[in-house]
Amino acid sequence: MKIATWNVNSLKVRLPHVLDWLAATQADVLCLQETKMEDKVFPYAELEAAGYHAAHNGQKTYNGVAILARGTLTDVRCDIPAFADEQKRVIAATVNGARIVCAYMPNGQAVGSDKYEYKLRWLAALAEFVRDEMARCPQLALLGDYNIAPTDRDVHDPAAWKDQVLCSEPERAAFRRFVDLGLADAFRLFDQPDKTYSWWDYRQMGFRRNHGLRIDHILLSAPLAAECSACTIDKAPRKLERPSDHAPVVAELVAAAEAKPA
DNA sequence: ATGGCTTGAGTGTCAAGA
C-alpha cells in the first residue's frame, strides 16, 4: 500500500496536477492540505472517475484537508474533538484497516506571535487526539503539513532559520511529542540524500536553488513502521507549470515479512 | 529594504502562507 501527503495550496488550481500524479504513482491513499474550498465544491466526481473515494473537511479561502483512497473510507472524523476551532485542519478515516490522520498544522507566522501560541496549543491538542485514536487503532499513520522542520538536517540554511518559526525549539519539542507517542518519521527510517526537502519558497528561485525545508511528514505507529519499505519525496510535481510550493511525500507499506527498515 | 511569489476574494489591493 502506497500512502502519501501533499499540500496542494488550492485544489481548484492543482486538481490537474493531483489527477496526473495519482495516475502516475497509483497511490492508494493521498492526504491533501490547503484545499481552500468548501465541501460543496469539492471535486468528488472527478476523483471518483479517477478511481478514488474521498472525504473532505473544508472551508472557503483557507485551510481544508482531504483523504483520497482507492479503498473504502470508514469512521470519518473531522477536526480535533476536544479543541474548539473554526479552522478546518484535521480529518481522519480508516482505510484497509489503518487509521489515516490527515493534518494541516498551523504555520505560526512568527515566534511569540498570537498565531505561534495558537500553533503550540493546537499541536498539544492534536497529540492528545492522536494518542486516543492510536489506542483505538494501533495501526495509525499521521500524515500532513506539519509546518515543523524536525532538525537542522531538514533546513537548507540552519543558521538563518535558527529559532525562527518552523524551526524553533518549542515546535521541535511538539514534533518529538508525536515520536514519544510511538510514531516514527518514515523518511528517517532509511538512508536519504542530504538536502532533501518538501517545501521551497516561490520567491528568489527557491526551488532551483534548493532553498527548502522538510516540513511535510509521514509518521507511522510501530506496526506500520515495521511494514514500511521506503519513504521518498517526489520533486517532479514541483517542476511543473503553476506548482504547489510543496512536494508530495510517499511511504510504501508492504507485508511485514518483506519490509526492511534501516 | 520586514520585501521577494502565489492564492483567494473580488475589481483595488490586502491577508496569509512558510
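Chain naming here is simple, since letters A, B, ... match the order of the sequence lines and numbering starts at 1 in each.
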[X] [atom1] to [N] [atom2], straight-line distance once rounded to whole Å:
{"X": "A/R89", "N": "B/dG17", "atom1": "CZ", "atom2": "P", "answer": "7 Å"}
{"X": "A/L15", "N": "B/dG8", "atom1": "CG", "atom2": "P", "answer": "13 Å"}
{"X": "A/K12", "N": "B/dT6", "atom1": "NZ", "atom2": "P", "answer": "17 Å"}
{"X": "A/Y62", "N": "B/dC14", "atom1": "OH", "atom2": "P", "answer": "14 Å"}
{"X": "A/D201", "N": "B/dA16", "atom1": "CG", "atom2": "C1'", "answer": "13 Å"}
{"X": "A/M205", "N": "B/dT6", "atom1": "CE", "atom2": "P", "answer": "13 Å"}
{"X": "A/E241", "N": "B/dT6", "atom1": "CD", "atom2": "P", "answer": "10 Å"}

When you measure from the side-chain N and O atoms of [X] to the phosphate of [N], is any distance below 4.0 Å, counting only OP1 and OP2?
{"X": "A/S10", "N": "B/dG8", "answer": "yes"}
{"X": "A/K115", "N": "B/dG17", "answer": "yes"}
{"X": "A/K60", "N": "B/dG8", "answer": "no"}

Nearest to the side chain of [X], which nucleotide is it out of [options]?
{"X": "A/R242", "options": "B/dT7, B/dG17, B/dG8", "answer": "B/dT7"}
{"X": "A/T61", "options": "B/dG4, B/dA9, B/dT7", "answer": "B/dA9"}
{"X": "A/Y104", "options": "B/dG17, B/dA9, B/dT7", "answer": "B/dG17"}
{"X": "A/V13", "options": "B/dA16, B/dC5, B/dG8", "answer": "B/dG8"}

Tell me what [X] touches on the nucleic acid: a base, only sugar-phosphate, or nothing, going by heavy atoms under 4.0 Å.
{"X": "A/D216", "answer": "nothing"}
{"X": "A/H246", "answer": "sugar-phosphate"}
{"X": "A/E34", "answer": "sugar-phosphate"}

| Can you say whether the rings of A/W199 and A/W161 are parallel (under 30°), tilted (30 to 60°) or perpendicular (over 60°)? | perpendicular
| request: If the plane angle is over 60° it's perpendicular, under 30° parallel, otherwise tilted; pick one for A/Y118 and A/F83. | output: tilted
| Under 4.5 Å between any side-chain heavy atoms of A/P237 and A/P248, yes or no? | yes
Taking the same atom, [atom1], in [N] and in [M], what whole-Å distance lies between them?
{"N": "B/dG10", "M": "B/dA15", "atom1": "C1'", "answer": "14 Å"}
{"N": "B/dT2", "M": "B/dT11", "atom1": "C1'", "answer": "28 Å"}
{"N": "B/dG12", "M": "B/dA1", "atom1": "C1'", "answer": "25 Å"}

| said: I want to confirm an ordering. Mapping A/Y202 and A/G108 to their closest nucleotides on DNA chain B, which one lands closer to the 5' end? | reply: A/Y202
| field | 5′-ward residue of the pair A/D145/A/P243 relative to DNA chain B | value | A/P243
| said: Does A/R89 qualify as a cation-pi partner of A/Y104, given the criterion of NZ or CZ under 6.0 Å from the six-membered ring centre and within 45 degrees of its axis? | reply: yes
| field | Cationic N near anionic O, under 4.0 Å, A/D154 to A/R188 | value | yes
| message | Whether A/D185 and A/R214 form a salt bridge (side-chain N of Lys/Arg under 4.0 Å from carboxylate O of Asp/Glu) is what I want to check. | response | yes
